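Reading through the structure tokens given below for one structure.
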Amino acid sequence: QVQLVESGGGLVQAGDSLRLVCAASGRTFISRYAVGWFRQAPGKEREFVAAINRNSGTAYSADSVKGRFAISRDNARNTVYLQMPTLKPEDTAIYYCAASQGGLRLYVASSYDYWGQGTQVTVSS
């Protein structure tokens, strides 16, 4: 069974930075999956943030964070990261990482097979 654990969230001020970590545990080899980050703010639907594919490491990001957030992976450490500099109050949400076997349409939540429990990010103004 694939187990994903997010960490690195917290309460920060606008303009601060956070790095979220998605770690695969047990017998999961994260190198076998494309991995994405999604977020869900109170009262809103879950939305795509960024994804990175399995093989070439090509990254994709939503327009709302493009040029600001960066996704990367370290397969040797079984880990995927989301670097979030210059945070804004509108970035406040629960952030989830997810793994996709198919690796297609990574901006769609239904493309993912496994999900972590999420980590809270709160940005105060």
Side-chain angles (χ1 to χ4, degrees):
Q1 184 175 352
V2 177
Q3 294 178 319
L4 303 173
V5 179
E6 303 95 334
S7 62
L11 172 62
V12 297
Q13 293 185 332
D16 287 348
S17 301
L18 284 174
R19 186 181 73 162
L20 302 186
V21 179
C22 175
S25 61
R27 293 187 174 186
T28 301
F29 293 98
I30 208 165
S31 59
R32 296 177 179 175
Y33 303 91
V35 177
W37 286 94
F38 287 74
R39 66 185 181 185
Q40 188 165 18
K44 295 187 178 181
E45 295 186 352
R46 191 169 298 190
E47 66 170 352
F48 170 71
V49 176
I52 188 165
N53 71 12
R54 176 179 50 217
N55 297 322
S56 66
T58 302
Y60 312 89
S61 57
D63 289 342
S64 59
V65 303
K66 192 166 293 183
R68 197 160 55 96
F69 290 5
I71 187 171
S72 61
R73 66 190 303 155
D74 185 343
N75 290 336
R77 295 181 182 272
N78 234 12
T79 303
V80 172
Y81 305 98
L82 182 67
Q83 189 70 43
M84 307 188 298
T86 322
L87 284 161
K88 304 175 182 179
E90 51 263 43
D91 295 319
T92 295
I94 300 175
Y95 284 71
Y96 300 89
C97 72
S100 170
Q101 292 179 311
L104 300 176
R105 302 182 74 226
L106 294 177
Y107 52 91
V108 177
S110 59
S111 298
Y112 293 83
D113 305 285
Y114 307 101
W115 291 81
Q117 294 299 307
T119 184
Q120 176 72 49
V121 172
T122 304
V123 185
S124 64
S125 58

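Just so you know, these numbers come straight off a predicted model, no measurement behind them. Just so it is clear, the values below take in all heavy atoms, side chains as well, and ignore hydrogens, waters and symmetry mates.
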Side-chain donor/acceptor of [X] to backbone N/O of [Y], under 3.5 Å:
X: T122; Y: G10; result: no
X: E6; Y: T119; result: no
X: T92; Y: V123; result: yes
X: S111; Y: R105; result: yes
X: Y112; Y: A34; result: no
X: R54; Y: S100; result: no
X: R19; Y: Y81; result: no

**Message:** With a sphere of 6.0 Å drawn around CZ of R68, does it hold more than 12 non-hydrogen atoms of other residues, nucleotides or ligands?
**Reply:** yes
**Message:** I'd like to know whether CD of Q117 has more than 12 heavy-atom contacts from other residues, nucleotides or ligands below 6.0 angstrom.
**Reply:**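 Open: at most 12 neighbouring heavy atoms sit under 6.0 Å from CD of Q117.
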**Request:** Classify the angle between the aromatic ring planes of Y96 and W115 as parallel (below 30°), tilted (30 to 60°) or perpendicular (above 60°).
**Result:**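 Taking W115 first and then Y96, their aromatic rings stand perpendicular (interplane angle over 60°).
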**Request:** To the nearest 0.5 Å, tell me how far Q40 CD sits from Q120 CD.
**Result:** 11.0 Å
[X] with [Y], same ILVMFWY side-chain cluster at under 4.5 Å:
X: I52; Y: Y95; result: yes
X: V80; Y: L20; result: yes
X: L82; Y: V12; result: yes

Please find the pair of heavy atoms, one from [X] and one from [Y], that lie closest to each other, and give the distance.
X: A93; Y: A41; value: CB-N, 3.8 Å
X: S17; Y: T86; value: OG-N, 3.8 Å
X: C22; Y: W37; value: CB-CZ2, 3.5 Å
X: G9; Y: V121; value: CA-CG2, 4.1 Å

Answer yes or no: is there a side-chain heavy-atom contact under 4.5 Å between [X] and [Y]?
X: I71; Y: Y60; result: no
X: F69; Y: S61; result: no
X: D113; Y: Y33; result: no
X: V49; Y: M84; result: no

**Carboxylate-amine/guanidinium contact D91 K88, below 4.0 Å** = no
**Request:** Could you list the residues that satisfy ring-ring contact (aromatic ring centres under 6.0 Å, His included) with F48, not counting sequence neighbours?
**Result:** F38
**Item:** R73 and its side-chain contact (heavy atoms from CB on, under 4.5 Å) partner, picked from I30, N78, T79
**Value:** I30
